Amino acid sequence: MIKIFNTLSKKKEVLKPIHGDHVGIYVCGMTVYDYCHMGHARVLVMFDIISRHLRRNFKSVNYVRNITDIDDKIIKRAVENNEDISTLTERFIVAMHEDEVALGNLEPDIEPRATDSIDQMLYMIKSLIDKGIAYQGHNGDIYYSVRNFDNYGKLSGKNLDELEAGARVDVESDKKDPLDFVLWKMAKPNEPKWSSPWGDGRPGWHIECSAMSTHHLGNNFDIHGGGSDLTFPHHENEIAQSEGANECSFVNTWMHLGFVNLDNEKMSKSLNNFFTIRTVLENYDGETLRYFIMSSHYRSPLNFSDESLENAKTALTRLYTSIRGINASDAAMDQVSMRFDFESRFNAALDDDFNTPIALSILFEVAKLVNTERKKDEDQAGALAQLLIKLGGYLGILKSIPEEYLQQGSRISDEEIEEKIKQREEARIKKDFNLSDQIRDELAQIGIVLEDSSTGTSWRKA
RNA sequence: GGCUGGGUAGCAAAGCGGUUAUGCAGGGGCCUGCAAAGCCUUAUAGACCGGUUCGACUCCGGUCCCAGCCUCCA
């Protein structure tokens with residue numbers, strides 16, 4: 001039984017899929033005119049973890065995440081760069097997928113692009129016009145009439161009259177109501193355009209998600225997610241469009257992620273205080289980033305800092321260290337899983353609104369037991385290690401060979417390190433501890449940590 | 001101003017009306033030539049003020065503070 005906090009009801013609710021054992025989930029993806037930043041990383045990683053958990057609990061899951069490849073910012077950036085829009089968007093789509101691989105994500109089932117979905121949008125706009133909920137302004141643009149949709153504001157808890165009071169004066173007051181929003185924009189010279197019954201133009205931002213989500217998942221589907229900043233107006237407008245056009249309930253469960261903060265302030269494009277994923281990857285591996293993202297609950301703010309990344313790195317190192325040098329084995333894993341309640345508690349944590357911090361805490365419990373068992377009962381330690389790898393896998397971590405993970409990115413070759421270790425070993429045999437400690441210090445200087453044990457000396461990256 | 005969230009130990013971050021969160025850092029110990037890693041052990045919480053209760057960090061009310069949305073943003 002999976003419970004999810006629904007923004008619509010502001011409560012945790014049991015997920016009851018509309019179509020038996022099948023779950024449809026749509027996530028608002030990227031507008032591809034720049035590299036993804038850490039806020040995007042959170043959406044990418046969290047919904048990957050969410051979809052993995054759903055797949056383990058339901059027979060089938062259709063995870064749709066769109067790509068916005070036409071909008072004002074893209075046009076603006078293409079002009080600035082003096083490049084084709086499609087060249088620009090293709091470049092950043094490739095970059096996004098590279099980032100995603102680094103973060104250890106699985107691919108969504110479908111990644112529809114706005115520019116491939118124009119027909120569905122036109123169909124929906126036409127339907128809205130036919131129903132009298134949309135109209136054409138004097139400039140030719142098609143607008144959605146918020147006053148003609150009864151439930152406007154139900155997701156964000158906003159009230160039309162209060163919004164009205166705070167509304168800014170619209171320069172193009174071609175709208176009947178300042179809160180009306182564009183469904184279709186008439187093309188300006190040198191802008192990309194598609195033909196429509198109302199004239200050549202391009203879609204407004206909100207209509208694409210209504211069209212693509214319902215096209216792939218049906219007029220009423222299970223889960224729709226995105227960052228909290230999309231709650232209003234984007235998701236509110238999606239509801240207005242979809243429910244207005246289809247005359248049925250749109251989304252059952254709305255999920256919104258908290259922000260990634262920098263110095264207690266939202267990381268965002270407009271504040272220009274963001275770090276791109278690839279910048280962070282220069283100093284930390286993708287798995288550390290992934291761990292960092294899941295170390296707080298998805299609805300809480302996630303504070304980005306060197307300290308928290310270091311924390312994530314250390315924590316992950318502890319997990320990998322526990323399974324290092326152990327013969328992880330499936331053989332006894334099931335018995336071990338039965339004997340201890342790690343797996344059931346782990347699943348229960350994720351069932352409860354995808355509580356990744358609790359799930360991670362259970363990983364550490366397993367790791368500790370691996371560490372205590374490895375000298376007592378090797379088989380049991382191996383089975384526990386296998387369990388740890390399995391549970392980590394559910395979150396998309398602990399997939400690497402421990403040795404490789406712990407040694408990755410060292411500045412000198414493995415051979416050189418092994419040579420130094422050999423020299424140090426010889427010095428130790430001769431009890432020349434000055435020399436042996438000197439060698440260890442030298443390696444420490446370049447970030448190589450040595451660890452002696454009864455079976456020999458191993459090394460890892462600091 | 002309206003609407004949302006939130007304030008937990010040195011830091012990060014969860015659950016929970018009465019019983020160990022977890023990771024890092026700190027103290028003591030074991031192990032080690034010494035370390036590191038690991039293990040054992042230990043200290044440090046719940047913004048403030050009231051209320052409900054046998055009992056509240058957890059429920060209710062108020063105060064203060066912080067963030068977010070109300071304009072493009074994941």
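What you see is a predicted model, and the numbers here were worked out from it, not measured in a lab. Letters go in sequence order (proteins before strands), and every chain restarts at 1. These values consider heavy atoms only, across backbone and side chains, with no hydrogens, waters or symmetry-generated copies.
- Taking only distance into account, the side chain of Lys368(A) never meets the base of C39(B) through a donor-acceptor pair shorter than 3.5 Å.
- Nucleotides G61(B) and A56(B) place their C1' atoms 15 Å apart, quoted to the nearest Å.
- Between Lys158(A) atom NZ and G68(B) atom C1' the separation is 10 Å, expressed in whole Å.
- Distance noted for atom C1' between A12(B) and U71(B): 34 Å (whole Å).
- Rounded to an integer number of Å, the gap from CD of Glu162(A) to C1' of U71(B) is 18 Å.
- Across every strand in view, A12(B) sits in a pair with U22(B) that passes the Watson-Crick or G-U test at under 3.5 angstrom.
- Atoms OH (Tyr298(A)) and P (G6(B)) sit 13 Å apart, rounded to a whole Å.
- Side-chain atoms of Met267(A) lie closest to A74(B) of the nucleotides A74(B), A14(B), G38(B).
- Here the separation of U8(B) from G23(B), taken at their C1' atoms, is 16 Å to the nearest Å.
- Within the nucleic acid shown, Arg424(A) comes within 4.0 Å of at least one base atom, counting heavy atoms only.
- Of the charged side-chain nitrogens involved, none lies within less than 4.0 Å of a carboxylate oxygen, so that Arg91(A) and Asp69(A) do not count as a salt-bridged pair.
- The CZ atom of Arg324(A) sits 12 Å away from the P atom of A37(B) (whole-angstrom rounding).
- Residue Leu406(A) contributes atom CG, which lies 13 Å from atom C1' of A36(B) at whole-angstrom precision.
- Base pairing analysis places C64(B) opposite G7(B); the two distances defining the Watson-Crick or G-U wobble pair are each below 3.5 Å.
- For G38(B) and C48(B), the C1' atoms lie 43 Å apart once the distance is rounded to whole Å.
- In the set C72(B), U22(B), A74(B), A74(B) carries the atom at the smallest distance from any side-chain atom of Val260(A).
- Among the atoms of the strands shown, none is found under 4.0 Å from any heavy atom of Glu310(A).
- Side-chain atoms of Arg440(A) come within donor-acceptor range of the base of A35(B), with a qualifying N/O pair under 3.5 Å.
- Inter-residue side-chain proximity for Asn105(A) and Val45(A) is flagged as met; some heavy-atom pair is nearer than 4.5 Å.
- In terms of position along RNA chain B, the nucleotide closest to Leu302(A) lies nearer the 5' end than the nucleotide closest to the other residue of the pair Leu302(A) and Ala315(A).
- Whole-Å rounding puts the Leu309(A) CG to C11(B) C1' distance at 14 Å.
- Between Phe250(A) and Phe221(A), the ring center distance clears the sub-6.0 Å criterion.
- Using N1 to N3 plus N6-O4 or O6-N4 for Watson-Crick, or N1-O2 and O6-N3 for G-U wobble, each under 3.5 Å, U32(B) pairs with nothing.
- Using C1' as the reference atom, U42(B) and G5(B) are 36 Å apart when rounded to the nearest Å.
- Using a 4.0 Å cut-off between a side-chain N of Lys or Arg and a carboxylate O of Asp or Glu, Lys422(A) and Glu425(A) do not qualify as a salt bridge.
- Comparing A37(B), C11(B), C73(B) by their nearest atom to the side chain of Lys266(A) picks out C73(B).
- The base of C34(B) sits within donor-acceptor range of the side chain of Asp452(A), with an N or O pair under 3.5 Å.
- One N or O donor and one acceptor, one from the side chain of Lys73(A) and one from the base of C72(B), sit under 3.5 Å apart.
- Among the nucleotides A14(B), G33(B), C72(B), the one closest to the side chain of Ser436(A) is G33(B).
- Side-chain atoms of Ser270(A) come within donor-acceptor range of the base of C73(B), with a qualifying N/O pair under 3.5 Å.
- Look at A43(B): it lacks any Watson-Crick or wobble partner with both distances under 3.5 angstrom.
- Following rounding to the nearest Å, Leu262(A) (CG) and A67(B) (C1') show an atom-to-atom distance of 14 Å.
- At a cut-off of 3.5 angstrom, the base of G38(B) holds no donor-acceptor pair with the side chain of Arg374(A).
- Taking only side-chain atoms of Arg428(A), from C-beta outward, the nucleotide of A67(B), G33(B), A74(B) with the closest atom is G33(B).
- In the set A14(B), C73(B), C70(B), the nucleotide with an atom closest to the side chain of Phe232(A) is C70(B).
- Side-chain atoms of Thr372(A) lie closest to C39(B) of the nucleotides C73(B), C39(B), A74(B).
- Here the side chain of Arg460(A) is nearest to one of A74(B), A36(B), A14(B), namely A36(B).
- Of the P atoms belonging to G29(B) and A9(B), the separation is 29 Å, rounded to the nearest Å.
- Counting non-hydrogen atoms under 4.0 angstrom, Asn264(A) reaches the backbone sugars and phosphates but no base.
- Across all strands shown, G1(B) pairs with C70(B); the Watson-Crick or G-U wobble distances both stay below 3.5 Å.
- The base of G15(B) has none of its N or O atoms less than 3.5 Å from a complementary donor or acceptor on the side chain of Asp352(A).
- Residue-level contact check: Leu230(A) touches the backbone only, with heavy atoms under 4.0 Å from sugar-phosphate atoms and none from bases.
- Side-chain contact check for Asp229(A) and His234(A): no donor-acceptor pair (N or O, by modelled atom type) lies under 3.5 Å.
- Nucleotides G6(B) and U58(B), compared at atom P, are 14 Å apart to the nearest Å.
- Of all nucleotides listed (A21(B), C72(B), A74(B)), A21(B) comes nearest to the side chain of Ile358(A).
- As judged by a 4.0 angstrom heavy-atom cut-off over every strand, Glu265(A) is placed among residues touching the sugar-phosphate backbone only.
- Note: CG (Leu163(A)) to P (U4(B)) measures 13 Å, nearest angstrom.
- Two rings, from Tyr143(A) and Phe181(A), have their centers 6.0 Å or more apart.
- A salt bridge does not link Arg290(A) with Glu287(A): every distance from a Lys NZ or Arg NE/NH1/NH2 to an Asp or Glu carboxylate oxygen is 4.0 Å or more.
- Where stacking is scored as ring centres under 5.5 Å apart with planes under 30°, Phe433(A) registers as stacked on the base of G33(B).
- Because its NZ or CZ atom is not both nearer than 6.0 Å to the ring centre of Phe346(A) and within 45° of the ring axis, Lys390(A) does not count as a cation-pi partner of that residue.
- OP1 or OP2 of G38(B) has at least one side-chain nitrogen or oxygen of Arg318(A) nearer than 4.0 Å.
- Listed nucleotides G38(B), A74(B), U22(B) differ in distance to Asn371(A); the shortest reach to its side chain belongs to G38(B).
- Separating the P atom of C34(B) from that of U22(B) is a span of 30 Å, rounded to the nearest Å.
- The side chain of Ser228(A) places no N or O atom within less than 4.0 Å of a non-bridging phosphate oxygen (OP1 or OP2) of C69(B).
- The phosphate of A37(B) (OP1 or OP2) has no side-chain N or O of Trp459(A) nearer than 4.0 angstrom.
- Nearest-nucleotide positions on RNA chain B place Ser308(A) closer to the 5' end than the other of Lys431(A) and Ser308(A).
- Residue Lys10(A) places no side-chain N or O under 4.0 Å from the OP1 or OP2 atom of G5(B).
- A salt bridge links Glu90(A) with Arg113(A): the distance from a Lys NZ or Arg NE/NH1/NH2 to an Asp or Glu carboxylate oxygen falls below 4.0 Å.
- Residue Asp72(A) is out of contact with every strand shown, counting any heavy-atom pair closer than 4.0 Å.
- We find that Lys73(A) and Asp34(A) are not joined by a salt bridge, their nearest charged nitrogen and carboxylate oxygen being 4.0 Å or further apart.
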